[in-house]
S.K.: 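Before anything else, here's the structure in question.
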2 protein chains.
Amino acid sequence: MAKRKAVSIKDVARESGSSLTTVSLVLNKRDRRISEATRDRVLQTVQRLGYRPSRLAQGLQSQRTYFLAILVPQLRHAFADAYFGEIISAIHDHARSAGYKVLLEVADEDFLGTRQHLELFDRHFVDGILCLGVTNRDDYLSDFERHDTEQAARPRPVIIVNNYLPGHRFNFVRCDYHEAGRMACEYLLELGHRAIALIHGAAEVQTTHDFRAGIEEALARAGLKLTPQRIEDGFYTEEGGAEAAAKLLKRDRAITAIIAGNDKMAIGAISNLKESGLRVPADVSVVGCDDMHQAAFCDPPLTTIHTPIYEMGERACDRLLDLIEGKVASVEETHPVTMCVRKSASAPRTE
Amino acid sequence: MAKRKAVSIKDVARESGSSLTTVSLVLNKRDRRISEATRDRVLQTVQRLGYRPSRLAQGLQSQRTYFLAILVPQLRHAFADAYFGEIISAIHDHARSAGYKVLLEVADEDFLGTRQHLELFDRHFVDGILCLGVTNRDDYLSDFERHDTEQAARPRPVIIVNNYLPGHRFNFVRCDYHEAGRMACEYLLELGHRAIALIHGAAEVQTTHDFRAGIEEALARAGLKLTPQRIEDGFYTEEGGAEAAAKLLKRDRAITAIIAGNDKMAIGAISNLKESGLRVPADVSVVGCDDMHQAAFCDPPLTTIHTPIYEMGERACDRLLDLIEGKVASVEETHPVTMCVRKSASAPRTE
DNA sequence: TTCTGCTAGTAAAAGGTTTTACTAGCTTAT
DNA sequence: ATAAGCTAGTAAAACCTTTTACTAGCAGAA
């Protein structure tokens with residue numbers, strides 16, 4: 001019944017008839033000085049007692065936790081989202097292969113109000129943080145801005161994943177949403193579309209503006225403009241995409257193609273178009289962005305821009321480790337995207 | 001340039017002119033013995049120096065980590081899944097409100113091969129583990145089975161979330177998939193269906209069998225049987241659901257309704273049926289199970305069984321804390337499900 | 001012989017907290 | 001007057017590692 005205590009390095013030392021220093025040296029492979037006989041004796045005792053060093057004590061000593069935090073924005077049940085899920089997956093996989101564990105945190109009012117993002121570092125919860133779904137209203141980020149003039153008291157390695165904030169000195173790894181917008185739009189232009197509308201994501205997300213700028217650039221080259229009445233906000237959700245599509249076509253029946261800032265909005269839009277009796281792509285073409293898993297399974301399968309989300313997560317994690325280990329002082333990376341053609345876009349209807 | 005050291009309780013003691021014990025007593029509210037003057041002096045110093053206790057040191061002392069691990073099965077990018085995401089979300093929310101942090105782990109070959117599930121406890125990574133997506137091939141679970149005859153050396157609190165393994169003494173919180181199968185089937189029977197097929201999930205998952213048993217019970221009451229040729233495995237994925245639907249209808253054109261073990265397979269099935277020129281629900285009705293967010297946004301909106309996934313996660317987390325704190329010795333809970341009628345099922349076609 | 005240098009190992013400090021057991025100084029009771 | 005008890009606080013142990021600085025014993029060199 002008695003709750004036996006966990007076995008510690010002291011027990012191993014006693015049982016193997018050597019000092020605790022010796023045990024530690026053996027276990028940490030700094031054992032050049034230790035004779036083979038002693039080493040074997042220690043190792044056998046470790047095995048026999050089932051000794052496992054406590055990471056709390058190790059962390060206390062090394063001042064390292066080998067934990068990373070993933071900071072996710074507050075959404076409806078934040079982790080039930082395919083986009084974030086994919087990135088989290090990538091980070092987890094990479095972190096583990098590098099010997100790190102991964103902590104989940106949601107950056108909601110409660111979390112930020114109690115300044116938990118700083119406590120994560122100051123109370124030795126983690127060695128670094130990866131920020132997902134960042135917006136330009138996330139003021140807390142300024143606590144992590146780089147000041148190259150003077151080194152911070154204790155560095156707090158942080159990376160923004162698949163986004164950035166222009167005019168600030170944050171570390172980021174992202175893919176090129178300007179290019180994504182341009183590619184989507186040029187694809188539709190080549191198919192012959194002239195009346196192209198945009199359902200964009202939340203305005204407080206920088207990539208939203210990049211995406212739009214890319215579209216406008218492509219349109220401009222074709223001598224076209226993106227008028228305000230051909231733009232709607234879809235808030236990155238299915239519902240938002242559906243409503244936005246309804247509004248757009250109510251205002252302007254001439255629209256033959258819609259570009260959505262992500263796949264969820266594209267799927268929402270398609271669902272609404274079909275409900276109101278329009279065929280996709282025969283009547284209206286739809287192009288998404290992200291190429292999430294589900295994109296291949298909707299009806300029709302979604303033509304979209306493939307953004308290498310998983311690779312972004314991996315890469316961001318890898319660079320964060322570089323920051324933690326002091327191998328680099330800053331990270332600012334932008335990666336390319338590719339076109340992914342399926343069935344939701346075709347030549348425009350001829351009226 | 002110098003990396004200044006973090007401020008510790010010693011600094012606060014020195015600066016406030018009191019002993020380190022006093023500071024600790026004040027901070028832990030065991031300060032009945034400390035005069036108000038001293039308390040204020042200490043608190044002010046804490047504020048001024050920005051002192052935050054290290055959780056590594058606290059953990060070392062208390063032998064508690066206030067971390068929980070979520071153990072997820074290895075799937076294609078495990079966290080990009082709506083079902084698991086929802087549960088993770090629930091666990092995170094509840095854990096945080098109780099002062100716990102949440103660790104993510106994937107139970108893959110590498111993880112289990114190095115017996116990380118035990119290290120999580122033995123090396124003081126976590127106080128408890130929540131297992132998601134458990135199958136009867138997860139042998140590692142036996143390391144966590146309850147042995148009521150004798151108390152384990154150190155208890156290792158573990159809960160299986162939304163599943164169970166019959167014939168074993170595991171802690172679990174789940175919802176009633178037998179009832180779910182029965183409800184889905186009875187609904188279709190009431191609509192007039194007689195040729196009902198099943199796309200079930202992975203056979204190594206216990207709830208798969210419960211779900212099927214529920215269906216068979218309902219069919220039996222109506223004097224019907226579920227013949228082997230009206231059953232296919234859809235592996236819980238969209239692709240699997242699509243293929244299963246194709247096989248079923250190829251084998252037996254008489255089928256008028258399909259029940260799928262989860263919404264993903266139902267959506268995959270619908271996608272395949274439509275591709276092969278069948279209308280849903282006019283030609284074939286489809287009923288899913290889970291009621292994930294996306295179920296409302298497919299075409300047609302999915303009729304499904306609502307399983308209270310989020311609540312399962314919350315509840316499991318709460319009960320795990322009870323186990324950790326020794327308030328209970330075991331947990332075995334089964335919760336009810338409800339029918340969610342949308343548009344993917346109707347009366348059968350009349351030929 | 002005495003010094004140097006090496007081998008194989010160990011004692012002790014450090015890392016930061018909580019908690020137990022103790023004390024100095026005072027008040028109250030007998 | 002003295003014992004008992006209380007108040008406000010502190011010293012030290014305990015939690016478990018890693019790492020630094022040291023030592024005993026011995027071989028080889030001068």
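Hydrogens, waters and symmetry mates are skipped; everything else that's a heavy atom, side chains included, is used. In what follows, every chain begins at residue 1, and chains take the letters A, B, ... in the order their sequences are listed. All values reported here derive from a predicted model rather than from experimental measurement.
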S.K.: To the nearest angstrom, how far is A:Leu27 atom CG from D:dT19 atom C1'?
M.R.: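 About 15 Å, once rounded to whole Å.
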S.K.: Using the closest heavy atom to pick a nucleotide of DNA chain D for each, name whichever of B:Gln63 or B:Gly17 lands nearer the 5' end.
M.R.: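 The residue whose closest nucleotide sits nearer the 5' end is B:Gly17.
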S.K.: For A:Thr22, report the nucleic acid contact type (base, sugar-phosphate, nothing); a contact means any heavy atom under 4.0 Å.
M.R.: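 Base contact.
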S.K.: So what does B:Leu20 touch, heavy atoms closer than 4.0 Å: a base, only the sugar-phosphate, or nothing?
M.R.: base
S.K.: Roughly how many Å is it from NZ in B:Lys10 to P in C:dA13, rounded to a whole number?
M.R.: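 To the nearest whole Å, that distance equals 12 Å.
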S.K.: Please determine which of B:Asp138, B:Asp143, B:Val158 meets the side-chain contact (heavy atoms from CB on, under 4.5 Å) test together with B:His117.
M.R.: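 So, applying the side-chain contact (heavy atoms from CB on, under 4.5 Å) to B:His117 and each of B:Asp138, B:Asp143, B:Val158, only B:Asp143 qualifies.
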S.K.: Rounding to 10°, can you tell me the angle the first-five-pair axis of the helix from C:dT1-D:dA30 to C:dT30-D:dA1 makes with its last-five-pair axis?
M.R.: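 Computed from the C1' atoms at both ends, the axes differ by 80°.
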S.K.: Closest to the B:Ser24 side chain: C:dT19, D:dT19, C:dT17?
M.R.: C:dT19
S.K.: Using a distance-only criterion (donor-acceptor N/O pair, under 3.5 Å, no hydrogens), is the base of C:dA11 paired with the side chain of A:Thr21?
M.R.: yes
S.K.: CD1 of B:Ile34 versus C1' of D:dT7: gap in Å, rounded?
M.R.: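 Roughly 10 Å, once rounded to whole Å.
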S.K.: By nearest nucleotide on DNA chain C, pick out whichever of A:Ser18 and A:Gln58 is the more 5' one.
M.R.: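 Result of the comparison: A:Ser18.
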S.K.: Indicate the ring-plane relationship of A:Tyr66 and A:Tyr100, choosing parallel, tilted or perpendicular according to the 30° and 60° boundaries.
M.R.: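 Geometry flag for A:Tyr100 against A:Tyr66: tilted rings.
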S.K.: Looking at D:dT10, I'd like to know if its phosphate oxygens (OP1 or OP2) sit under 4.0 Å from a side-chain N or O belonging to B:Ser19.
M.R.: yes
S.K.: Separation of A:Asn28 atom CG from D:dT20 atom P, in whole Å?
M.R.: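 Value for this atom pair: 12 Å.
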S.K.: Output the rounded distance in Å from CZ (B:Arg41) to C1' (D:dA8).
M.R.: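 My rounded result for the distance is 11 Å.
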S.K.: Tell me the interatomic distance from A:Leu60, atom CG, to D:dA14, atom P, rounded to whole angstroms.
M.R.: 17 Å
S.K.: Can you tell me how far P of D:dC22 sits from CG of A:Leu25, to the nearest Å?
M.R.: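 It works out to 17 Å between those atoms.
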S.K.: Look at A:Thr38 and C:dG9 and indicate whether a side-chain polar atom (N or O) is within less than 4.0 Å of OP1 or OP2.
M.R.: yes
S.K.: Between D:dT17, D:dA14, C:dT20, which nucleotide gets closest to the side-chain atoms of B:Gln61?
M.R.: D:dA14
S.K.: Under 4.0 Å between any heavy atoms, over every strand shown, what does A:Ser54 touch: base, sugar-phosphate, or nothing? Just pick one.
M.R.: sugar-phosphate
S.K.: Taking the six-membered ring for Trp, are A:Phe121 and A:Phe144 parallel (under 30°), tilted (30 to 60°) or perpendicular (over 60°)?
M.R.: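 Taking A:Phe144 first and then A:Phe121, their aromatic rings stand perpendicular (interplane angle over 60°).
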S.K.: Do B:Asp122 and B:Arg156 make a side-chain contact, defined as non-hydrogen atoms from C-beta onward lying under 4.5 Å apart?
M.R.: yes
S.K.: Which residues satisfy the salt bridge (charged side-chain N to carboxylate O under 4.0 Å, His left out) test with B:Glu325, sequence neighbours excluded?
M.R.: B:Lys327
S.K.: For A:Asn136, enumerate each residue passing the side chain to side chain donor-acceptor pair (under 3.5 Å) test, keeping only those at least two apart in sequence or located in another chain.
M.R.: none
S.K.: Pairing donors with acceptors under 3.5 angstrom, does anything connect the side chains of A:Arg146 and A:Asn171?
M.R.: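 Present: a donor and an acceptor within the cut-off.
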S.K.: Can you check whether B:Phe111 and B:Tyr140 have ring centres sitting under 6.0 Å from each other?
M.R.: no
S.K.: Starting the side chain at C-beta, find the nucleotide from C:dT10, D:dT17, D:dA8 nearest to A:Pro53.
M.R.: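 Shortest atom-to-atom distance from the side chain points to D:dT17.
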S.K.: To the nearest Å, how far apart are A:Arg39 CZ and C:dG9 P?
M.R.: 12 Å
